[in-house]
Structures are given as C-alpha cells and as structure tokens.
Amino acid sequence: MWIDTHCHLDAAEFGGEQTQIAAAAAQQQVKWIVIPAVERANFGTVAALAARLPNCTYALGIHPMYVEHAEEADLLALREAISAAMADPRFVAIGEIGLDFFVPGMDRGPLREKQEHFYVQQLKLAREFGLPVLLHVRRSQDILLKHLRRIKVQGGIAHAFNGSFQQAEAFIGLGFRLGFGGAMTFTRALQIRRLAVDLPLAALVLETDAPDMSPAWLHPAANQPEQIPRIGAVLADLRSIPLAELAQATAANACAALPRLATLV
Ligand SMILES: [Zn+2]
C-alpha cells in the first residue's frame with residue numbers, strides 16, 4: 001500500500017475529475033491521499049472531498065503563497081474550522097503552512113513579516129490542538145527551524161524538501177519526516193537524489209504535490225496521485241531496496257508523522 005502525503009486534489013487543473021483521479025490512485029494501491037488546504041476559501045472544499053472520496057483525508061491551514069491576501073480574521077476562522085474538524089476522523093494535520101522566500105518580494109519587508117506571523121500563529125494552533133503540520137519550505141529552512149525550536153509541535157512533514165543534509169537532520173531531530181516526489185525523478189536533481197539516498201529510510205515519505213511537480217516521464221503534464229508507486233520505484237531504485245519494502249516503510253512513516261491517519265489504516 002502507498003500513501004500520497006501531499007496532493008492538491010481540489011486544484012482547478014483537475015476540473016470535476018476528482019472522483020476518477022482518486023479512484024485511479026486507489027487502483028494503484030494508493031490507500032490514502034492527504035489534501036492540504038491553502039486558504040480560508042478552500043477549507044470547506046478539502047473537507048468535502050475527503051468526506052466524499054473513500055481514500056482521501058485533509059489538512060487545514062493557510063499556505064504562505066496565500067498569506068498576502070489573507071486577513072487576521074482568517075486565523076480565527078481557521079481555529080474554528082480546526083476545532084470543528086477534530087471530530088472528523090479524516091482530518092489529519094495543520095497545513096499547508098510555512099515560509100516561501102523564493103518568490104521575489106516575499107523574502108523581505110512587510111510580506112516576509114506577515115508570512116512569519118501567519119506561520120507562527122499556525123504553529124501555535126498546531127501545538128494547542130496537538131496536531132502535526134505540513135510544511136512548505138522554499139529557501140526558508142533556517143527560519144522555519146528557528147520557530148519550530150521555540151514552538152514545540154508534534155512534528156509532521158517538511159514537504160518537497162530541498163536543503164542541506166544538516167538542515168534535513170535538524171527537521172528530523174524535531175520529529176519531522178521529509179517529503180520526496182516528482183523532483184527526485186529528474187537525474188539532474190543531484191542534491192535531492194543524494195538526500196533521498198543518504199537520509200535514514202525512517203525519515204522519508206512520498207508525495208506528488210499534484211497537480212504540480214510532475215515526475216520526469218509526465219512533465220509538463222499535470223501530476224496525479226496515481227503516480228505514487230512509480231515515484232516510489234525511483235526511490236527504491238536509488239536506495240537499492242525492494243519496492244515492497246519501500247512501500248511498507250514510507251506508508252509506516254506517513255502514519256507515524258500523521259497519527260490520526262494511522263488510526264484510519
Ligand atoms: Zn502544496
């Protein structure tokens with residue numbers, strides 16, 4: 001069995017095809033798909049998808065790329081949505097939250113401050129409710145870590161991880177698993193492939209980030225959760241371990257990172 005720990009199944013790119021896409025993933029033994037929210041306006045959408053589709057779960061949070069147009073009231077709405085979702089077994093984490101210092105203008109000034117504010121407030125919500133977090137990490141590893149050392153959360157997943165080995169170890173030391181997906185399938189992605197081989201298997205989970213981050217064989221077409229076994233095969237190959245062992249280990253790691261998901265399996 002496989003788990004896609006990060007898939008934006010509600011994205012407009014998928015049109016009305018969510019039912020077929022989730023079913024195609026289930027046919028490839030993708031037992032669970034985690035759908036993170038990105039803004040207040042889609043909290044209801046991701047929850048409704050998870051309620052309707054047999055292999056879907058969801059997270060609630062405000063994505064750093066959506067912080068610019070978010071309001072303080074959205075954090076209050078998020079808290080209320082989390083509070084209500086605690087009774088829903090398909091609700092598994094706070095996310096997608098984090099910091100993006102790659103996009104020009106977001107790495108300094110008021111927008112950076114606003115990003116850090118939303119990240120910190122959402123970490124505090126995760127701590128309050130005892131929930132893991134799904135982290136968006138882009139050129140922001142050290143600042144993300146700084147706040148994680150201060151605000152102790154349950155851990156979670158650093159999604160689409162790209163950083164140094166030392167930064168990876170720091171996330172792992174704080175109880176995080178690292179998400180690997182389509183980027184790893186490109187032979188030129190030397191640093192990501194090196195991490196995928198050198199890090200302990202217990203620290204790795206699989207993700208598509210669909211419709212983004214298409215694997216090499218699909219690029220530039222939209223990524224889909226049914227690609228998880230083939231992405232997993234690349235990781236098994238890089239690590240020279242049997243595919244079944246890789247599937248079992250990454251699914252177990254996802255369950256360890258997301259304890260509410262584990263109770264569903
Ligand atoms: Zn994402």
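Counting starts at 1 for both ligands and their atoms, in listed order. Given the structure is predicted, the values throughout are model-derived calculations rather than measurements. Values below: all heavy atoms of this structure, side chains included; hydrogens, waters and symmetry mates excluded.
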Problem set entry | Any donor-acceptor N or O pair under 3.5 Å, side chains H69, E39 | no
For this session: Answer yes or no as to whether an N/O/S atom of H136 is found below 2.8 Å from the Zn ion (ligand 1).
Result: no
Problem set entry | D107 and R112 ion-paired at < 4.0 Å | no
Exercise. Within the stated cut-off of 2.8 Å, is an N/O/S atom of H8 closer than that to the Zn ion (ligand 1)?
Worked result: yes
For this session: Have a look at E96 and say which of its N, O or S atoms is nearest the Zn ion (ligand 1).
Result: OE1
Exercise. Which pair of heavy atoms, one from P132 and one from L258, lies closest together, and at what distance?
Worked result: CG-CD2, 3.8 Å
Problem set entry | Electrostatic pair E128:K124 at N-O distance under 4.0 angstrom | no
